[in-house]
Amino acid sequence: MPRVILYRGAFAYDLADAFVEDLAAGFAALGREVVFVDLTDRAGRGARLQEELSRPFECIVSINAIGSRPADAPPGTHFYDSLAAPYVAVLIDHPACHLGRLTIGNMIVTSYDRSHVAFLERYFGGARRVAFLPHGGSVAAGAGAPGERPIDLLFPGTYSDPDAAFDALRHAGPPGVFDVLDYVVERLLAADCEPLEEALAAVLADEGRQDEWRGLCPLMPVVESFVKAHKRREILERLDRAGIAVDILGNGWPAERFRRHRVLPARPYREALRLMREAKLVLNMGFVPDGSHERVFSALLNGALPAADHNPYLDELFGDGRDILLFRWTRLDELPGRLAAALGDRDRLRRHAERAPALAADHTWAARAAAIVELVKRAR
């Protein structure tokens with residue numbers, strides 16, 4: 001039986017560990033023996049890793065490439081490169097957040113955004129195998145037939161203060177860099193889904209500074225953090241003013257800024273899925289240029305109607321209409337009316353809840369496990 005080694009632990013959010021669990025179930029369903037290495041076990045992980053690597057295995061799979069440079073690993077320049085099987089890094093953040101981990105020659109890097117794949121190919125000059133792998137959705141535990149959905153509009157997401165994020169942007173990098181990053185922000189706020197790395201390249205080209213692109217790429221997450229924080233707060237404030245109440249699920253949100261929204265404390269990922277099961281619509285504000293986070297698929301799998309920011313991938317997959325509501329940042333004035341219309345059509349919501357899980361049946365983490373197996377086969 002082929003063995004898959006899965007790294008777990010050491011994540012800021014329990015969501016990533018849930019992804020690992022769902023991937024494990026997917027690999028097991030494909031006839032793989034799944035072995036976990038817990039990276040939070042500092043005392044025992046080195047011995048555990050050496051034990052598991054001493055026997056044949058199909059691949060190592062790690063979210064965000066955690067464990068790619070463990071201090072207690074066997075000695076060597078990069079001991080993973082001496083292994084016969086590849087290390088699969090499943091990125092759930094922008095690749096620029098983890099460039100320092102993507103150092104293994106025998107590595108397959110996947111990202112949830114097609115523009116990220118193009119970025120990785122350019123950044124590494126073809127020295128890494130890269131592939132498009134959107135996040136997978138998850139079903140709430142114990143989910144049965146859809147029932148009453150008391151929550152009109154649910155938004156799961158942690159608050160990030162745009163003002164603090166902009167201050168971090170202002171102080172990022174050496175002198176002269178802020179002007180470049182500020183122009184990148186202007187481009188991103190004027191467009192619906194321009195890839196961050198392409199905006200950076202365009203600004204540098206306009207200023208004749210193309211040679212600085214690679215050196216500035218590690219600063220892209222600072223730009224992304226501000227743009228996402230700004231857009232999220234702006235959208236929620238507009239909906240509040242328009243009388244569209246949102247149940248906001250996440251830490252840090254300033255309830256005093258809103259008159260109609262209800263701010264709920266963050267819940268573990270599995271509990272958040274149960275709330276999706278109780279929601280008519282789930283608001284997704286991932287601002288992914290050309291791919292998808294898990295929230296769109298999880299909403300569908302749990303019978304809710306996703307209201308997501310538009311991008312080409314989602315448009316190709318679903319279109320904007322019956323099965324998903326895609327809104328554009330550049331046309332926000334349309335959003336309150338579209339949400340109100342969707343909430344007012346109870347027959348449509350009932351029919352959607354019945355058919356939605358089938359629409360995302362091929363977009364679970366089990367399906368992503370099968371895709372990883374195929375990537376590993378092609379890499380041999």
Side-chain angles (χ1 to χ4, degrees), residues 13-15 18 135-144 146-160 228-229 231-255 257-288 292-310 314 318 323-327 332 335-346 348-357 359-360 363:
Y13 299 101
D14 76 318
L15 168 147
H135 293 181
S138 303
V139 181
E148 291 298 318
R149 294 179 176 269
I151 300 173
D152 280 348
L153 181 56
L154 178 70
F155 169 62
T158 300
Y159 178 70
S160 180
K228 183 181 293 186
K231 287 184 174 181
R232 283 182 168 185
R233 192 170 75 180
E234 175 65 21
I235 289 172
L236 287 171
E237 288 182 344
R238 287 200 185 200
L239 293 178
D240 191 55
R241 291 193 298 269
I244 303 294
V246 180
D247 277 20
I248 303 172
L249 182 66
N251 289 331
W253 286 95
R257 293 187 72 98
F258 309 119
R259 295 173 56 236
R260 296 181 178 272
H261 300 334
R262 182 171 64 152
V263 177
L264 307 173
R267 310 281 182 87
Y269 178 66
R270 302 294 185 190
E271 290 185 22
L273 292 174
R274 287 199 289 271
L275 288 181
M276 286 189 185
R277 190 72 181 173
E278 299 177 8
K280 299 178 181 72
L281 272 71
V282 172
L283 182 61
N284 178 66
M285 295 190 285
F287 303 107
V288 178
S292 184
H293 284 302
E294 84 290 340
R295 195 168 297 139
V296 171
F297 303 125
S298 290
L300 288 168
L301 288 167
N302 290 288
L305 176 67
D309 50 290
H310 165 274
L314 291 177
F318 298 112
D323 299 317
I324 187 171
L325 188 158
L326 295 177
F327 64 87
L332 280 187
L335 181 59
R338 297 190 66 195
L339 292 174
L343 288 169
D345 193 341
R346 292 186 176 274
R348 175 196 180 191
L349 292 172
R350 177 183 52 78
R351 292 192 301 269
H352 173 83
E354 293 171 352
R355 68 170 179 267
L359 298 172
H363 298 282

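Quantities reported herein were computed from a predicted structural model and do not represent experimental measurements. Positions are given from 1 along the sequence.
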Quick check: does any side chain N or O of [X] sit under 3.5 Å from a backbone N or O of [Y], one acting as donor and the other as acceptor?
X	Y	answer
R338	L326	yes
R295	G286	no
H352	A304	yes
R350	D345	no

Review point. Going by atom types alone, do Y159 and R232 pair a side-chain donor with an acceptor below 3.5 Å?
Key: no

Review point. Residues in side-chain hydrogen bond (donor to acceptor under 3.5 Å, both in side chains) with E237, at least two apart?
Key: R257

Exercise for review: Apply side-chain hydrogen bond (donor to acceptor under 3.5 Å, both in side chains) to R355 and list each qualifying residue two or more places apart in sequence or on a separate chain.
Suggested key: D323

Nearest 0.5 Å, what's the [atom1]-[atom2] distance between [X] and [Y]?
X	Y	atom1	atom2	answer
L15	R270	CG	CZ	9.5 Å
R267	L273	CZ	CG	12.5 Å
R238	L335	CZ	CG	9.5 Å
H293	H135	NE2	NE2	6.0 Å
I151	L275	CD1	CG	5.0 Å
N284	L154	CG	CG	11.0 Å

Quick one, [X] and [Y] - any side-chain contact, counting heavy atoms below 4.5 Å?
X	Y	value
L300	P306	yes
H261	L236	yes
F318	V296	yes
V282	P156	yes

Shortest non-hydrogen contact from [X] to [Y]?
X	Y	value
N302	S298	ND2-O, 2.8 Å
P265	L249	O-CD1, 3.1 Å
Y269	S138	OH-OG, 3.2 Å
R260	A245	O-CB, 3.7 Å
G303	A356	CA-CB, 4.1 Å
P336	L332	CD-O, 3.4 Å

Exercise for review: Please assess M285 against K228 for the test side-chain contact (heavy atoms from CB on, under 4.5 Å), listing each intermediate value before the final yes or no.
Suggested key: CA-CA 8 Å; M285 295 190 285; K228 183 181 293 186; over 6 Å; no

Point to revise | Any pair counted as side chain to side chain donor-acceptor pair (under 3.5 Å), so long as it reaches residues 239-254, sequence neighbours left out | key: D247-R262

